[in-house]
Amino acid sequence: MEVTGTPTHKAATADETALSALTASVIVQRAPTHPSELLNGLPGIWISRGNGQEHLTAIRSPVLSGAGSCGAFAVLEGDIPVRGTGFCNVNQLSDLPLSQAGSVQVLRGPASVLYGSDAQHGVIRLLSAAPADRGERTLSIEHGANDYRRIFTGFSDTVGRSGIRVGFTGSRDGGYKTDSGYDQQQFSARHDYRGQQWNARTLLNLSNLNQETAGYVSGLDAYKDAGRKRENPNPEAFRDSRSARIQSRLEYTTSGGDHWQITPYARYTDMTFLMHFLPGTPLEENGQRGVGVQTSYDRALNERVSLLSGVDLERTNGWLRQTQAGGFSSFPAGRHYDYDVIAQVFAAFSSLEWQLAERSRFMFGSRWESLRYDYDNHMRAGDTAEDGSLCINGYTGAPGCRYSRPEDRRDRFSNFSFNAGLIHEVDKTLSTSLRLAHGFRAPQAAELYRLQSGQTVADLDAESIDSVELGLVKQSEYSRFSLTGFFMEKSDVIFQSSERLNLSDGNTRHYGVEYELQWALAPQWALTLAGTYARHLYTNNVSEPGSDALIETRGNDIDTAPRNMHGLTLEWHPQEQTRIELQFQSMGRYYTDIENAHRYRGHDLLHLRLRHRATPRIHLGLRVNNLANVDYAERADYSSLAGGDRYFIGDPRSVFGDVHFRF
């Protein structure tokens, strides 16, 4: 069986897009407490773990940070993004019930025209587990390091044409650092209906997170100091987040084989968190409510050519408020921002697949997308305090508050994307592919309307990316090997200048090689080898936020962009009831500043996982993270304004055990 990257109901054929998939058995084996535990080790992807459920994402890219950086990646539940276009969140993977997933897919590089904006560097897609064929009840209890506790209970059954699956996960983590624990609850439900011509699949997901947050620990090589590993310089920080999503995918197949798909959906998020990383530690409250519908029509034009077309519509009402209790210098007390933004999306796409010859296929797709923002400011415009008074910078003596608010306005971004691919099957075991793609991401609302340092208008363009990709796949009865080479250039990259202005004239280049090998060594042994060698470079000069001059960055590595990431997983089945997995992960060194003057030397980690079926109804699990007890940093950073070298310190050896009951 082959897995495709298209969200529509199509025959399972090889796809030209670089794609990796994690099956339900892998998800159960790893029992992730954080997205990084599941996704790290796949080629081209790094989920950089912060504290608790916080994280930053890299897919065929550096780890991207900043107000709109998350717009480079599409995070989907089924076919629907978990956040509205223009309102992404860097921690949005925490909204997904990953431990309950049926499978998880990662698409690398500019995605198909079916995805549009927010799929510039790649896609992470959760596919829910299907209902069981007969009644099944499950209960799982887990305990581990730092007083970690998790319970899962679920029910699934199919009667006639209808099936249902319901699951609830509740977890509590005491936190390795001081004052850094969290509580999280996730509920998911799926209902399937299978008719003769109509099929329907409805998904509901509810999530709640209450987290005490630990910040960076500063000081060169602080992660090696045993006395500082539990240090939390921000014990007052917290994050409270709630989300709700519902979607219903309706499918209809005509007697002639044409296929219709309509997916209406609605979503809601609400978040409050203390911005401990900013002077004055302001409080941010944000949320969004949205509805939309995705449609597609798939038709075979003749024996060799098929056409898939569709229209996507979405409307999201997002809001943001930032306040500060005590004021000083250019950081006044009171409200800093208070605004609403209504975002409306209209997109139309079409994708053609043409069987050129018995072993050769050609694909071409295009998409036009329009995003309109209607911004409503609830405060005085400009860079004054809430009451209209001026701020004076205590260091420079210059007038003006740090935070600036534009006048009410409307903005529209219209973008065109395409991809073209050619796949040739050399024989039954070997295929090659060539793929060209042009993608984009529109500016996020926070980049346009959450301004600083006196900027009254952010005149931003959509980021664009051009990509060429060569692929090779070799598979046999006992192995599968894929090799992908890519070259990408981005223009109009949005960044913040030394004057804290949001600008969009950055340029970057990305190229490298990704590989993945899955090999059944023997009846009881299996090996998976995956990794990436890549370069991520500035191709023009930019300035570091808060600095006074343009920095010579052309040709420098982008910060937090390892050139090497590799992983090896060895599986052993000593008996049918037992599965043991040893995973090795190697993170190469990377620069932590844009001048390439400071760097993190990288690390190597070992993880051990065991699962044993004691009886048909009782399964036991054991996991040991960081088996060799290595001193390492989950993420390293350098900031001359925040104490120099600083780290999110990785946890030492941690042991988790669980028991799973099935009735």
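With respect to the salt-bridge test (charged N to carboxylate O, under 4.0 angstrom), the residues E251 and R201 do not qualify. A salt bridge is absent between R108 and E469: the closest approach of a Lys/Arg side-chain nitrogen to an acidic carboxylate oxygen does not fall below 4.0 angstrom. Using a 4.0 Å cut-off between charged nitrogen and carboxylate oxygen, R83 and D95 count as a salt-bridge pair. Ion pair D240/R242 not flagged as a salt bridge, since none of the NZ, NE, NH1 or NH2 atoms sits closer than 4.0 Å to an Asp/Glu carboxylate oxygen.
For the residue pair S243/R267, the side-chain donor-acceptor check at 3.5 Å is not satisfied. N286 and Y337 share no side-chain donor-acceptor pair at under 3.5 Å. No hydrogens or angles considered: nothing links the side chains of E54 and N91 as a donor-acceptor pair under 3.5 Å. Side chain to side chain, Q105 and R125 meet the donor-acceptor criterion of an N or O pair below 3.5 Å.
With rounding to the nearest 0.5 angstrom, the CD1 atom of I124 is 4.5 Å from the CG atom of L93. Between the CG atom in N317 and the CZ atom in R315 there is a gap of 7.0 Å [rounded to 0.5 Å]. Summarising the geometry, atom CD1 belonging to I80 is positioned 8.0 Å from atom CG belonging to L76; distances are rounded to the nearest 0.5 Å. The CZ atom of R441 lies 11.5 Å from the CG atom of L371; values are rounded to the nearest 0.5 Å. Rounding to the nearest 0.5 Å places CZ of R150 at 12.5 Å from CD1 of I141. For the atom pair OH of Y373 and CG of L448, the computed distance is 6.0 Å after rounding to the nearest 0.5 Å.
In this structure, L64 and F73 approach most closely via the heavy-atom pair CD1-CZ, 3.8 Å. Taking each heavy atom of P97 and R245 in turn, the nearest pair found is CD-NH2, 4.4 Å. Scanning all heavy atoms of the two residues, the minimum distance from Y339 to R450 falls at OH-CB, 4.1 Å. Across Y265 and V293, no two heavy atoms sit closer than the pair CE2-N, 3.5 Å. When every heavy atom of R60 is checked against every heavy atom of A18, the shortest pair comes out as NH2-CB, 3.6 Å. Here the closest heavy-atom approach between residue R165 and residue A132 is recorded as NH2-N, 3.7 Å.
Counting only distance, with no hydrogens or angles, the side chain of E514 and the backbone of S482 share no donor-acceptor pair below 3.5 Å. Under a 3.5 Å cut-off, the side chain of Q288 and the backbone N or O of F87 do form a donor-acceptor pair. Judged purely by atom type and a 3.5 angstrom limit, S156 uses its side chain to pair as donor or acceptor with the backbone of I164. The backbone N or O of R161 sits nowhere less than 3.5 Å from a side-chain atom of R194 that would complete a donor-acceptor pair. With hydrogens and angles disregarded, a donor-acceptor distance shorter than 3.5 Å links the side chain of N40 to the backbone of I47. The backbone N or O of A445 sits nowhere less than 3.5 Å from a side-chain atom of D411 that would complete a donor-acceptor pair. Of the possible donor and acceptor atoms, none in the side chain of Q92 sits under 3.5 Å from a partner among the backbone N and O of V82. Looking at R617, its side chain never comes within 3.5 Å of a backbone N or O of F661 through a donor-acceptor pair. The closest donor-acceptor contact from the side chain of H55 to the backbone of V90 lies under 3.5 Å. A donor-acceptor pair is defined here as one N or O able to donate and one able to accept, closer than 3.5 Å; no such pair exists between the side chain of Q120 and the backbone of A442.
Contact check for F413 versus S117: no side-chain heavy atoms found under the 4.5 Å cut-off. Using a 4.5 Å cut-off on side-chain heavy atoms (C-beta onward), L320 and Y449 make no contact. Side-chain contact between L308 and E353: absent, with no pair of heavy atoms (C-beta onward) separated by less than 4.5 Å. Under the 4.5 Å side-chain criterion, counting only non-hydrogen atoms from C-beta, Q211 is in contact with N51. Side chains of I423 and S433 form a contact here, defined as non-hydrogen atoms less than 4.5 Å apart. Two residues are said to be in side-chain contact when any heavy atoms from C-beta on lie closer than 4.5 Å; V28 and R579 fail this criterion. Taking 4.5 Å as the limit, every side-chain heavy atom of D312 sits out of range of all side-chain heavy atoms of V345. Taking 4.5 Å as the limit, every side-chain heavy atom of V341 sits out of range of all side-chain heavy atoms of T316.
Here the rule is ring-ring contact (aromatic ring centres under 6.0 Å, His included) with W260, and of Y252, Y297, W198 only Y297 fits it. Just one residue in the list Q100, Q186, Q185 forms a side chain to side chain donor-acceptor pair (under 3.5 Å) with T169, and that residue is Q100. Of the candidates R30, E37, E571, R30 is the only one forming a side chain to side chain contact (heavy atoms under 4.5 Å, CB included) with Q583.
In R137, the CZ atom is not crowded: 12 or fewer heavy atoms of neighbouring residues, nucleotides or ligands sit closer than 6.0 Å. Open room surrounds CD on E576; 12 or fewer heavy atoms of other groups in view lie less than 6.0 Å from it. In D133, the CG atom is not crowded: 12 or fewer heavy atoms of neighbouring residues, nucleotides or ligands sit closer than 6.0 Å.
Aromatic ring centroids of W368 and F416 lie 6.0 Å or more apart.
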Where do R412 and S370 land on the side chain to side chain donor-acceptor pair (under 3.5 Å) test, with the steps shown first? CA-CA 7 Å; R412 183 186 296 272; S370 174; 3.2 Å; yes
Any chance you could lay out the side chain to side chain contact (heavy atoms under 4.5 Å, CB included) test for F349 and S296, step after step, and finish with the verdict? CA-CA 9 Å; F349 64 88; S296 67; 4.3 Å; yes
Do S112 and N419 pass the side chain to side chain contact (heavy atoms under 4.5 Å, CB included) test, and can you show the C-alpha distance, the side-chain angles, and the key distance before you say yes or no? CA-CA 7 Å; S112 160; N419 56 53; 4.1 Å; yes
Criterion side chain to side chain contact (heavy atoms under 4.5 Å, CB included) on S241 and F273, from CA distance to verdict: CA-CA 8 Å; S241 177; F273 73 101; over 6 Å; no
Side chain to side chain contact (heavy atoms under 4.5 Å, CB included) assessment of Q444 paired with D118: CA-CA 10 Å; Q444 301 292 298; D118 298 352; 3.4 Å; yes
